[in-house]
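Note that the structure is predicted; figures quoted are calculated from it, not measured.
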Amino acid sequence: MATVTLSGKDSVIINGRILADLANADVGVLTFGSDLSTTTRGYNGNVIHSPNQSGKVGALELRVVRASTDDKFLQSIINSYEQDSVAFRVVSAAITKRFSDGTGQVSNDIYDCEFGVPSKAVETKVNTEGDVEQVVSVYSFNFGNVKRVLS
């Protein structure tokens with residue numbers, strides 16, 4: 001029997017604020033730059049394994065409509081970080097994807113992100129040929145700890 005998956009009403013929450021001014025395409029992407037563990041094979045078939053704590057570090061990229069209230073909110077986080085990185089209050093985020101199997105049973109795929117800091121300034125472009133990317137602000141954050149929960 002085939003498996004059916006329905007998806008919709010995903011949410012991105014930054015410091016308790018639900019972002020609503022999301023742009024186009026991939027509005028939120030969470031990636032991991034390192035593996036959770038390292039395994040190697042040694043002499044005589046010995047196997048050496050070690051957990052890699054860097055595997056829990058996540059990079060979040062968000063695309064919001066330029067000059068929107070969410071753009072101003074996220075820029076205020078960068079401004080706060082740039083003013084005094086030591087006094088900066090770290091960012092928290094929650095990304096929730098909602099799924100259903102077509103029978104009305106809803107599941108949530110939640111990524112809980114802690115200890116976030118801005119990782120990149122917002123770039124811009126000027127284009128006279130109607131490129132919509134010029135009205136999108138892209139924010140990048142690194143999170144020191146990311147946990148996934150399926151419910």
Any chance the side chains of [X] and [Y] put a donor and an acceptor closer than 3.5 Å?
X	Y	answer
Q75	D71	no
N24	R63	yes
T5	D101	no

From [X] atom [atom1] to [Y] atom [atom2], the distance as rounded to the nearest 0.5 Å:
X	Y	atom1	atom2	answer
K97	S11	NZ	OG	10.0 Å
T40	I48	OG1	CD1	6.5 Å
N52	T38	CG	OG1	5.0 Å

Full working for side chain to side chain contact (heavy atoms under 4.5 Å, CB included) between S37 and H49: CA-CA 7 Å; S37 65; H49 166 80; 3.2 Å; yes
Are [X] and [Y] grouped together when hydrophobic residues (ILVMFWY) are joined by side-chain heavy atoms under 4.5 angstrom apart?
X	Y	value
I95	L22	yes
V138	V27	no
V12	F99	no
V136	L60	no
V65	L74	no

Parallel, tilted or perpendicular, as decided by the 30° and 60° cut-offs, for the rings of F88 and Y81: perpendicular
CG (L6) with more than 12 external heavy atoms under 6.0 Å: yes
D26 atom CG, over 12 foreign heavy atoms within 6.0 Å: no
Side chain proximity check, [X] to [Y], heavy atoms < 4.5 angstrom:
X	Y	value
R66	Q134	no
K56	V146	no
F73	N15	yes

Heavy-atom pair with the smallest gap, counting every atom of [X] and [Y]:
X	Y	answer
I77	F141	CG2-CE2, 4.0 Å
F32	G55	CD2-O, 3.7 Å
L62	G28	CD2-CA, 4.1 Å
K72	A67	CE-O, 3.5 Å
A59	N142	CB-OD1, 3.6 Å

Residue of the set I13, L30, I14 for which side-chain contact (heavy atoms from CB on, under 4.5 Å) holds with C113: L30
Do [X] side-chain atoms and [Y] backbone N/O form a donor-acceptor pair below 3.5 Å?
X	Y	value
D10	R98	yes
N108	I110	no
N44	N46	no
D109	L150	no
S92	E114	no
D21	V64	no

Evaluation steps, side chain to side chain contact (heavy atoms under 4.5 Å, CB included), between I78 and Y139: CA-CA 9 Å; I78 291 177; Y139 287 88; 3.6 Å; yes
Side chain to side chain contact (heavy atoms under 4.5 Å, CB included) evaluation trace for N127 with E133: CA-CA 9 Å; N127 180 285; E133 290 302 308; over 6 Å; no
